[in-house]
Protein chains: 2
Amino acid sequence: MTKHSKQIRKEFIEGLSRISHFWGYPKGVGAVFAVLYLAPNPLSLDELVQHSGLTKGAVSTNVRWLARMGLVRRVTRLGDRKDYYAAETDFYKSIRAILGERQNREFDQAIQSVRETLEKLQAAKGSMDEAERKFLLERVQALQDFFDAIDSLSRAAARLDNLGVNTIQNILKILK
Amino acid sequence: MTKHSKQIRKEFIEGLSRISHFWGYPKGVGAVFAVLYLAPNPLSLDELVQHSGLTKGAVSTNVRWLARMGLVRRVTRLGDRKDYYAAETDFYKSIRAILGERQNREFDQAIQSVRETLEKLQAAKGSMDEAERKFLLERVQALQDFFDAIDSLSRAAARLDNLGVNTIQNILKILK
DNA sequence: TAGTATGTTTAGTAAATACTAAACAAAATA
DNA sequence: TATTTTGTTTAGTATTTACTAAACATACTA
């Protein structure tokens, strides 16, 4: 690996770290992904440690996060008990995985609190000023509807098994 | 405002704080928005301080952030030098505003680093192993293409002036 | 079974972030 | 011009977060 190649790789890694950070994720996540993305073969944990400059613990956490998000595949080889990791190069596949991950219980749980407010308002008939209740009901209901629309959109996208450039282009036609 | 009503409001505020936090934004942003969203009239900075429990400085920062994102409107009244703020109740409008905000220079800047890597790779003909260069070019180009697709999608959505439930339903049909 | 290779978890730390309190700025009114 | 009202900025702090180093767990090998 030439000096020049090393430099370009380093800058790319820093770039993805910045993007990762921008999206609100740890920089390490971007760095580990960048290393894997520029590797022609799956890499072991130790190789990731070498190339990313992070420690084993951090790489372990970050790479598992990436795997859980579907941005990285875990590869195991027969007769080799090391784990290897490879970057997912089909990003549309990753998006589907992320959307489909109802592992996002945390998201649902957050949304749930709005639904609870709505239910409490519905049950509050009589125990609070009726005009106020009407107003609050309307507002909270609108927010709920919005979340539902977003939710059904992401569910539909997640179900889709050929989400890709072509689909995007179709959507672009609608948005014309 | 009855005790019961106060309780429901409080829980709603906490709910939106959690959601705000989940999306990677300060909790205060969610809290301030929640207060405004449950108010029938625009509120002044001081009223926001009262109802949110934050200090003036924090509310000032958070509410300006919300205004910049198009989630809140600043209302000024003739002969009153207070600023008032009202929640945007048309969320689709907000989404358009957020997408349209090329104030998101920060995002573009982050993406820019990938483009730079691409350019450097193109310029590196001769100064690094050609097979390696070919491989890296291909990978980085694919990432760039993906970002471009996302970008054109968001630009299209931002240009749209009737993004709403109906549009979402049209998209859902495509995703069928 | 002891020893070795691998991955995960934990305890502590450094860095980033969002807040408070108070100083400051700007502009209207007296 | 001095005073009051309003909003922003700053300095310091508390909290959160992501990291390191090291202990631990697990499973393979001799």
Side-chain angles (χ1 to χ4, degrees), chain A residues 13-14 16-36 41-69 71-86 106 110, chain B residues 13-14 16-36 41-69 71-86 106 110:
Chain A
I13 292 172
E14 278 160 14
L16 285 207
S17 295
R18 288 232 310 283
I19 292 175
S20 177
H21 178 247
F22 173 80
W23 289 107
Y25 301 113
K27 283 179 301 183
V29 164
V32 170
F33 182 82
V35 170
L36 287 175
N41 308 309
L43 299 180
S44 69
L45 198 69
D46 280 335
E47 288 170 313
L48 283 174
V49 169
Q50 282 174 38
H51 293 106
S52 70
L54 302 174
T55 58
K56 226 169 35 143
V59 170
S60 171
T61 305
N62 288 328
V63 86
R64 255 180 305 148
W65 188 91
L66 283 164
R68 201 169 59 86
M69 294 302 267
L71 284 162
V72 149
R73 292 195 320 278
R74 191 179 229 134
V75 180
T76 48
R77 289 168 174 161
L78 292 168
D80 182 345
R81 63 202 181 78
K82 274 203 192 83
D83 286 348
Y84 294 87
Y85 299 92
E106 203 187 343
Chain B
I13 292 172
E14 279 161 12
L16 286 207
S17 295
R18 288 232 310 281
I19 291 175
S20 177
H21 178 247
F22 173 81
W23 289 107
Y25 301 114
K27 283 179 300 183
V29 165
V32 169
F33 181 82
V35 170
L36 287 175
N41 307 309
L43 300 181
S44 69
L45 198 68
D46 279 335
E47 289 170 313
L48 284 173
V49 169
Q50 282 175 38
H51 293 105
S52 69
L54 302 175
T55 58
K56 227 174 27 149
V59 170
S60 172
T61 306
N62 287 330
V63 87
R64 255 180 305 147
W65 189 92
L66 284 164
R68 202 168 59 85
M69 294 302 266
L71 284 161
V72 150
R73 291 194 320 279
R74 192 178 229 136
V75 180
T76 49
R77 288 168 174 160
L78 291 167
D80 184 345
R81 62 200 183 80
K82 274 203 191 85
D83 287 348
Y84 294 86
Y85 299 91
E106 202 188 344

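The basis for the numbers below is simple: all heavy atoms, side chains too, and nothing from hydrogens, waters or symmetry mates. Reminder, nothing fancy here: chain letters follow the sequence lines and each chain counts from 1.
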[X] versus [Y], closest heavy-atom pair with distance:
{"X": "B/Val59", "Y": "B/Ser52", "value": "CG2-OG, 3.7 Å"}
{"X": "B/Val75", "Y": "B/Ala86", "value": "CG2-CB, 4.3 Å"}
{"X": "A/Ser20", "Y": "A/Pro26", "value": "OG-O, 2.7 Å"}
{"X": "A/Leu66", "Y": "A/Val32", "value": "CD1-CG1, 3.8 Å"}

In residues 74-85 of chain A, what residues come within less than 4.0 Å of DNA chain C, judged by heavy atoms?
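Within residues 74-85 of chain A, the residues near DNA chain C are A/Arg74, A/Arg81, A/Lys82, A/Asp83.
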Taking the nucleotide of DNA chain C with the closest heavy atom to each, which residue, A/Lys56 or B/Val29, is nearer the 5' end?
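Closer to the 5' end of DNA chain C: A/Lys56.
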OH/A/Tyr25 to CE/A/Met69 distance, rounded to the nearest 0.5 angstrom?
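Going from the OH atom of A/Tyr25 to the CE atom of A/Met69 covers 4.5 Å.
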Reported CD1-to-NE2 distance for the pair B/Ile19 and B/His21, which is rounded to 0.5 angstrom:
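Output value for this atom pair is 13.0 Å.
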Given atom CH2 of B/Trp65 and atom P of D/dT8, what is their separation to the nearest angstrom?
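After rounding, the gap between these two atoms is 17 Å.
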Let me know the distance between CG of B/Asp46 and P of D/dG7, rounded to the nearest Å.
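Rounding to the nearest Å, CG of B/Asp46 and P of D/dG7 are 7 Å apart.
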Sub-3.5 Å pairs of nitrogen or oxygen atoms, protein against nucleotides 15-18 of chain D:
from	atom 1	to	atom 2	distance (Å)
D/dT17	OP1	B/His21	NE2	3.2

Sequence-distant partners of B/Arg74, side-chain hydrogen bond (donor to acceptor under 3.5 Å, both in side chains), two or more places apart
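B/Arg74 satisfies side-chain hydrogen bond (donor to acceptor under 3.5 Å, both in side chains) with B/Asp83, B/Tyr85 only.
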Taking side-chain hydrogen bond (donor to acceptor under 3.5 Å, both in side chains) as the definition, give me every residue that meets it alongside A/Asp80, ordered by chain and number, with sequence neighbours left out.
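For A/Asp80 the side-chain hydrogen bond (donor to acceptor under 3.5 Å, both in side chains) partners, ignoring immediate neighbours, are A/Tyr84.
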Where does the chain B footprint on DNA chain C start and end, counting 5' to 3' with a 4.0 Å heavy-atom cut-off?
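Listing 5' to 3', DNA chain C meets chain B from C/dA18 to C/dA28.
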Evaluate the side-chain proximity of A/Val29 to A/Leu71: yes if any heavy-atom separation is below 4.5 Å, no if none is.
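No, their side chains stay 4.5 Å or more apart.
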Pair listing, salt bridge (charged side-chain N to carboxylate O under 4.0 Å, His left out) test, anchored in residues 46-61 of chain B, at least two apart
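Salt bridge (charged side-chain N to carboxylate O under 4.0 Å, His left out) check on residues 46-61 of chain B returns no pairs.
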